[in-house]
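Here is the structure we will look at.
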Amino acid sequence: MPTIPLTYTQTYTGFVGLREDEILTRHPLGKHLHYLGKEPLQMGMFSACYALSEEQSFSLILEPINGVNRVVGQKTYWGVKEAFEYLEQYAVSYEDGGYWINAAENRRLFVRIDHTPGDPPALSVGIY
């Protein structure tokens with residue numbers, strides 16, 4: 001499998017804010033992704049799971065906003081500690097074991113390491 005040169009921001013926060021139909025077309029990883037399926041969540045949201053390889057998987061949390069499914073969260077399951085430490089250089093404030101970084105369009109991203117029981121640790125990023 002060829003190596004894809006990507007930045008930490010593209011890999012760990014790059015899907016947040018995209019529409020569901022843009023996941024495969026607007027992101028540099030799009031054409032390399034393997035779709036693993038969807039699971040329903042609370043409040044009409046759902047989780048769409050993707051993988052680049054057996055060791056590189058992530059979940060995108062989608063929420064219907066004005067009739068369009070948008071990625072409002074991303075959980076990445078590899079390179080968690082390194083990515084958390086790298087992205088911390090952009091922190092503008094800290095809260096509840098994580099930190100906030102500024103994003104486009106006057107939005108903010110909350111970054112933390114998620115330890116959901118039964119799942120491996122994940123770098124969790126949500127947009128607000």
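Computed from a predicted model, the values in this text were never measured in an experiment.
In this structure, Phe110 is not a member of the same hydrophobic cluster as Ile113, with clusters built from ILVMFWY side-chain heavy atoms closer than 4.5 Å. Residue Ile127 is grouped with residue Tyr99 when hydrophobic side chains (ILVMFWY) are merged at heavy-atom distances under 4.5 angstrom, including chains of intermediate members. When hydrophobic clusters are built by joining Ile, Leu, Val, Met, Phe, Trp and Tyr residues whose side-chain heavy atoms come closer than 4.5 Å, directly or via intermediates, Val125 is grouped together with Leu41.
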Check your understanding: Can you list the steps and then say if Val72 with Val16 is a side-chain contact (heavy atoms from CB on, under 4.5 Å)?
Key -> CA-CA 6 Å; Val72 295; Val16 179; over 6 Å; no
Practice item. Step by step, work out the ring pair (Phe, Tyr, Trp, His ring centres under 6.0 Å) result for Phe15 and Tyr50. Key: CA-CA 12 Å; Phe15 291 97; Tyr50 292 89; 7.2 Å; no
Exercise for review: For Phe58 and Leu123, run side-chain contact (heavy atoms from CB on, under 4.5 Å): C-alpha distance rounded to whole Å, both residues' side-chain angles, the deciding distance at 0.1 Å, then the answer.
Suggested key: CA-CA 9 Å; Phe58 56 93; Leu123 184 74; over 6 Å; no
Check your understanding: When you look at Tyr94 and Glu88, which way does the side-chain contact (heavy atoms from CB on, under 4.5 Å) test go after all the steps?
Key -> CA-CA 10 Å; Tyr94 292 83; Glu88 191 172 15; 3.2 Å; yes
Practice item. Applying side-chain contact (heavy atoms from CB on, under 4.5 Å), run through Val71 and Ile23 and close with a yes or a no. Key: CA-CA 9 Å; Val71 179; Ile23 294 168; 4.1 Å; yes
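Pairing each heavy atom of Pro121 with each of Val80, the nearest pair is O-CG2, 3.6 Å. The two atoms that bring Ala51 and Leu36 nearest to each other are CB-CD1, 3.9 Å, heavy atoms only. For the pair Gly14 and His27, the tightest heavy-atom approach, listed with the atom from each and the gap, is O-CD2, 3.5 Å. Smallest separation of non-hydrogen atoms from Leu52 and His34: O-CD2, 3.9 Å. Between Phe46 and Pro40, the shortest heavy-atom distance links the atoms CB-CA, 4.0 Å. When all heavy atoms of Gln74 and Thr13 are compared, the pair lying nearest together is OE1-C, 3.7 Å.
Side-chain atoms of Tyr8 and Glu85 form no donor-acceptor pair, as typed in the model, at a separation below 3.5 Å. Inspection of the Glu22 and Thr25 side chains reveals no N or O donor paired with an N or O acceptor under 3.5 Å. Under the 3.5 Å distance criterion, with hydrogens and angles disregarded, no donor-acceptor pair is assigned to the side chains of Ser93 and Glu95.
Counting non-hydrogen atoms of neighbouring residues, nucleotides and ligands closer than 6.0 angstrom, the CZ atom of Arg108 exceeds 12 such neighbours. By the 6.0 Å contact criterion, CD on Glu39 is open, its count of non-hydrogen atoms from other residues, nucleotides or ligands being 12 or less.
Between the side chain of Thr76 and the backbone N or O of Trp78 there is no donor-acceptor pair closer than 3.5 Å. In this structure a side-chain-to-backbone donor-acceptor pair under 3.5 Å is missing from Tyr90 to Ala103. In this structure a side-chain-to-backbone donor-acceptor pair under 3.5 Å is missing from Thr116 to Asp119.
Note that the OG atom of Ser57 and the CG atom of Leu33 stand 11.5 Å from one another [nearest 0.5 Å]. Interatomic distance, OH of Tyr12 versus OG of Ser124, reported as 13.5 Å (0.5 Å rounding). Separating the CZ atom in Arg70 from the CG atom in Leu18 is a distance of 8.0 Å, to the nearest 0.5 Å. One distance of note links OH of Tyr128 with CH2 of Trp100; it measures 5.5 Å at 0.5 Å rounding. The distance from atom NZ of Lys75 to atom OH of Tyr77, rounded to the nearest 0.5 Å, is 5.0 Å. How far CZ of Arg19 is from CG of Leu62: 12.0 Å, rounded to the nearest 0.5 Å.
Taking a cutoff of 4.0 Å between a charged side-chain nitrogen and a carboxylate oxygen, Asp96 and Arg112 do not qualify as a salt bridge.
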